[in-house]
Amino acid sequence: MKEYAPATIEEKWRTRWKKDHLYTVSHLKGDKKYILDMFPYPSGAGLHVGHVEGYTGTDVLSRFYRMRGFTVLHPMGWDAFGLPAENYAVKTGIHPSETTQKAIVTFTKQMQAMGFSYDWSKELGTHTPAYYRWTQWLFLILYKKGLAYRAKAQVNWCPSCKTVLANEQVVNGECERCHSLVIQKDMEQWFFRITAYAERLLQDLEKLDWPNSTKLGQIHWIGKSEGITITYTIDGSDQTIECFTTWPTNWGASFLVLAPEHHLVQKITTQSEKKAVDAYLSEVQMRSESQRIKSREKTGVFTGSYALNQVTGKKIPIWVSDFVIAHVGTGAIQGCPGHDMRDFEFAKKFNLPIPRVVVGEDGDTSEIESPEQVLEKGQTGKMMNSDFLDGMEYSAGIQKTKEYFVEKGWGKLVVNYKLRDWLVSRQRYWGAPIPMLFCDKCGWQSVADSDLPVKLPNDVDFKPTGESPLVHSQEFNKGIICPQCGGKARREADTMDTFVDSSWYYMRFADPNNAEHFADKEKLRQWLPVDMYVGGAEHTVLHLLYSRFITKVLYDEGYVTFDEPFVSLRHPGTILGPDGVRMSKSRGNVINPDDEVSKFGADTVRMYELFMGPFKDMKPWSTSGGQGLYRFLKKVWNIYSNQAFVKKSPERIEKLLHKLIQKMTKDIAALKFNTALAALMEFVNNSANQLDKSSAQIFLLLLAPFAPYITEELWETIGGPYSIHSQSWPPFDEEKTKNSTSVLAIQINGKLRATMQVESTVTEEEACHKALSIEKIQKLVQNIKTRLIYVPGKVINIVTVE
RNA sequence: GCCGCGGUGGCGGAAUUGGUAGACGCGUAGGUCUCAAAAACCUAUGGUGCAAAACAUCGUGUGGGUUCGAUUCCCACCCGCGGCACCA
């Protein structure tokens, strides 16, 4: 008997499958499933066990659905542009295309070793001109629709990466990539108008089979709030200030506050306060937004001007403070310190009046002096000191205020979104050039479609200086002519955010080599949308939001027939180190999948990754956990290579087998891989030496999606036709999954006292009679008045009655 | 602070239209085989009481509640993880 030698058989079948193009899909037959992993950034570090978990999950699914007769699109590609490769290039002087290419080779080798059934004929890389030509095309589609625009704005600037960043890429005030503190800069940049889609991005979440937490993440990020914008007149000025609020307690408004960047700050500052205001503004400028947010300490300065509170008739002072953020609402607020904690803190600090207009359930109507007395939005109480509102419920009073202000023409109802437009330009080299030209006479011009791609040049010093590296490329800037006037023009030298590259790649997989279109319309209709998308939850407000936006734009333009890209979405849980802590080089707790494969073979590693626990849960890697799966495979190997089969399996085994098929079919479809694998092991434990050959074949088919190599080898050993992965998933007979007997638990007052086996046809009367005739039960219940609760097939509970 | 997810043996985990808690695996202990070790196989394995079995009893973060019966449902709280965070 041969020993199980994973390395040998895995190499053998890998070569064979490759030669036969076993997983290549050329056209659609029957129903389709598009099963997709979030494509990786090919880093020098290679694949890690976290990647492998997700990829194994989708691979099992893909193999399962293929066996069930679906045509499965299961491609892989490379999200290759981006800062890490470029930063590495800056450090070492090696060109990013070189390091990227090397990493792609490594990744491919590792994925193939794992036995993933990707259709490599569909491979794509976002850094290839054949791909980014269409990223540029996409930019122009948005530009023509007015959805890509150039504007001067306060933007996030990473001083270390020396580029601007999107809001979504600033995490806790730090650069998502290098963790430097991000600062604010006024710059002219390219934006995508994602805010125009805010409402649809919010509404359509309902249609999606996504984890709830991910949907909520997007809902919060979009941040819809309904409120009122109130217009204030300024004493002695013809300017007006608009303040947005969702909770107008206007009889209690005792001051206004403008954000330091508000356009009226200079205009309304009086001569006498100018010096103080200027000093405050320059002080604020020294601090980054994140620093401002972190310290809750209120600062501010009086402008010298007053606004009119329409309902109290009082003049209220206008202040400037950095606790008001320019891009939130209108960048100006009405201070209602009695009923908003931030306003309260501000009023306390600067000795502003704190009127009370609500009385809470405690009946306290005294002057508000401590934070506990502040009755905020969402709390309950009754209106007071508010004219005709007095006595009304708090929330009703707020509603009434809104209506009153609208009626009087002092305000209008508005819907506000937290979402801001997507800043897509980057002052970096390793990305897709933005296909725009600038002419001094004619302004911005788009590059003609026939001139795409605008190729990324090679004669570039990629050291970041804050200016785009492409500015200095001869190759890139040679002979640029304005399409309008024929005069000299220059190219836009910024490149696009890599999230633009990844916002549409799943569409390209439908038709990755098309040179005429971003993808053939018919093929898009056939394959998209993605049926099952698997990847990390960290992309909730990045890739997953951007992709939905881009899909909707292309839908509106008639390029695609679906308006949501990912029907179902799942996130594999993070795999922690054996010490239960997130893996990191500095902790030294990183598990390298290659080491595990050389120890046990890819089949074992695949199975261990899925056996550890529920797919979506975070779970620690166990250094000995792989042993169990390896033992299991060896056991299976021994049974099959000995051909230790009986002539005919007993009926008991046949029933177990049908139950197993049923469970596997259900569990795999629900991504419950851990319990599916447990069921396979249980079956082997229970069927030792009692399998006949046809049952043995069925068992191998069930194991095949998880362990493609060993099952192919053993399938051949027992004479199955090549390839096991082209066979049909076994059906099960519902009748045979049912038991003719069942075990009933017998409880007395809810406590288990005995069990007994009964026919499943047993009547209640028979079952109860039998239970009461058990000697032990008899002893326990004699001389006690009881009643019986009977749950067929489950339990008999004997309850004492008074 | 707000939102979301979770808390079950020594460890990873299983079981929810409420019905035998601990499947499956790891680890551990004992045994078989071996000169020996590894591998493989067999047995045991939630705690406590008992020499042991039988048995009893406790047991799914804590405290209450609903129910014949609660890991599962309800209320309050504690702890851990993730996200958002002066959003007006």
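Each chain gets a letter, A, B and so on, in the order the sequences are listed, and its residues count up from 1. The shown structure was predicted, so the numbers you read here are calculated from the model rather than taken from an experiment.
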Colleague: Apply side-chain contact (heavy atoms from CB on, under 4.5 Å) to Asp603(A) and list each qualifying residue two or more places apart in sequence or on a separate chain.
Modeller: Tyr4(A), Glu10(A), Arg606(A), Leu633(A), Ala707(A), Pro708(A), Tyr709(A), Ile710(A)

Colleague: Collect all protein-nucleotide pairs involving nucleotides 71-82 of chain B in which both atoms are nitrogen or oxygen and the distance is under 3.5 Å.
Modeller:
none

Colleague: Check whether any side-chain N or O of Lys298(A) sits under 4.0 Å from OP1 or OP2 of C86(B), and answer yes or no.
Modeller: no

Colleague: So, is Arg342(A) near the phosphate of G1(B), with a side-chain N or O under 4.0 Å from OP1 or OP2?
Modeller: no

Colleague: Using whole Å, what does the distance between atom C1' of nucleotide G13(B) and atom CE of Met681(A) come to?
Modeller: 12 Å

Colleague: Check this one for me: any side-chain N or O of Lys634(A) less than 4.0 Å away from OP1 or OP2 of A40(B)?
Modeller: yes

Colleague: So what does Ile333(A) hit on the nucleic acid, given a heavy-atom distance under 4.0 Å: a base, only sugar-phosphate, or nothing?
Modeller: base

Colleague: Which whole-number value in Å describes the distance from Asp579(A) CG to G12(B) P?
Modeller: 13 Å

Colleague: Do NZ/NE/NH1/NH2 and the carboxylate oxygens of Lys224(A) and Glu199(A) come within less than 4.0 Å?
Modeller: yes

Colleague: Mind checking the P distance from U71(B) to G1(B)? Whole angstroms is fine.
Modeller: 32 Å

Colleague: Under the side-chain contact (heavy atoms from CB on, under 4.5 Å) rule, collect the residues that match up with Ser622(A), sequence neighbours excluded.
Modeller: Tyr608(A), Ser624(A)

Colleague: Distance-only, no hydrogens or angles: does the Ser321(A) side chain make a donor-acceptor pair with backbone N or O of Val324(A) under 3.5 Å?
Modeller: no

Colleague: Could you check whether Asp617(A) gets within reach of a base, just the sugar-phosphate, or nothing at all, counting any heavy atom under 4.0 Å?
Modeller: nothing

Colleague: What pairs with Lys619(A) under side-chain contact (heavy atoms from CB on, under 4.5 Å), at least two apart in sequence or on another chain?
Modeller: Glu53(A), Met612(A)

Colleague: If the condition is side chain to side chain donor-acceptor pair (under 3.5 Å), which residues does Glu596(A) pass it with, not counting sequence neighbours?
Modeller: Lys599(A)

Colleague: Give the rounded distance in Å between these two atoms: NZ of Lys215(A) and P of C3(B).
Modeller: 20 Å

Colleague: Hey, could you give me each pair passing side chain to side chain donor-acceptor pair (under 3.5 Å) that has a residue in residues 678-687 of chain A? Not counting sequence neighbours.
Modeller: Lys635(A)-Asn685(A)

Colleague: If we take the C1' atom in both U28(B) and U17(B), what is their distance in whole Å?
Modeller: 40 Å

Colleague: What is the separation between atom CZ on Phe344(A) and atom P on A88(B), rounded to the nearest whole Å?
Modeller: 20 Å

Colleague: With no hydrogens and no angle check, is any side-chain donor or acceptor of Asn589(A) less than 3.5 Å from a backbone partner on Val581(A)?
Modeller: yes

Colleague: Among residues at least two apart in sequence or on other chains, which ones pass side chain to side chain donor-acceptor pair (under 3.5 Å) with Thr330(A)?
Modeller: none

Colleague: When the distance from NZ of Lys599(A) to P of A39(B) is rounded to whole Å, what number comes out?
Modeller: 14 Å

Colleague: Checking Thr214(A) side chain against Trp210(A) main chain: does a donor-acceptor pair fall under 3.5 Å?
Modeller: no

Colleague: Using a 90° cut-off around 0 for syn, call G9(B) syn or anti.
Modeller: syn

Colleague: Take nucleotides 16-23 of chain B nucleotide by nucleotide from the 5' end and write B, S or -, depending on whether a protein heavy atom sits under 4.0 Å from the base, only from the sugar-phosphate, or from neither.
Modeller: ---BB--B

Colleague: For C58(B), take OP1 and OP2 only and decide whether either is under 4.0 Å from a side-chain N or O of Lys751(A).
Modeller: yes

Colleague: Assuming nearest nucleotide by heavy-atom distance, tell me which of Gly628(A) and Lys616(A) is located more 5' along RNA chain B.
Modeller: Lys616(A)

Colleague: Can you run through RNA chain B from 5' to 3' and write each base as (, ), [, ], | or . depending on how it pairs? Watson-Crick or G-U wobble, both distances under 3.5 Å.
Modeller: (((((((..(((......[....)))((((((.......))))))((((.....))))..(((((..]....))))))))))))....

Colleague: Whole Å only: how far is the CZ atom of Phe673(A) from the P atom of A14(B)?
Modeller: 14 Å

Colleague: Do Glu242(A) and Thr231(A) have side-chain N/O donor and acceptor atoms under 3.5 Å apart?
Modeller: yes

Colleague: Say we look at G30(B) and A23(B): how far apart would their P atoms be, to the nearest angstrom?
Modeller: 23 Å

Colleague: If you find the nucleotide of RNA chain B closest to Glu345(A) and the one closest to Pro620(A), which residue's nucleotide is nearer the 5' end?
Modeller: Pro620(A)

Colleague: Rounding to an integer number of angstrom, what distance separates U16(B) and A29(B) when you compare their C1' atoms?
Modeller: 35 Å

Colleague: Using a cut-off of under 3.5 Å, enumerate the N/O to N/O pairs linking the protein to nucleotides 41-48 of chain B.
Modeller:
none

Colleague: Please check this pair: side chain of Asp421(A) against backbone of Thr195(A), looking for a donor-acceptor N/O pair closer than 3.5 Å.
Modeller: yes

Colleague: Quick check on Lys349(A): does its NZ atom have over 12 non-hydrogen neighbours (other residues, nucleotides or ligands) under 6.0 Å away?
Modeller: yes

Colleague: Taking atom C1' of A88(B) as reference, at what distance in whole Å does atom OH of Tyr417(A) sit?
Modeller: 18 Å

Colleague: Could I get the full list of salt bridge (Lys or Arg N to Asp or Glu O under 4.0 Å) partners for Lys215(A), not counting sequence neighbours?
Modeller: none

Colleague: In chain order, what residues pass the side chain to side chain donor-acceptor pair (under 3.5 Å) check against Thr737(A), with sequence neighbours excluded?
Modeller: none

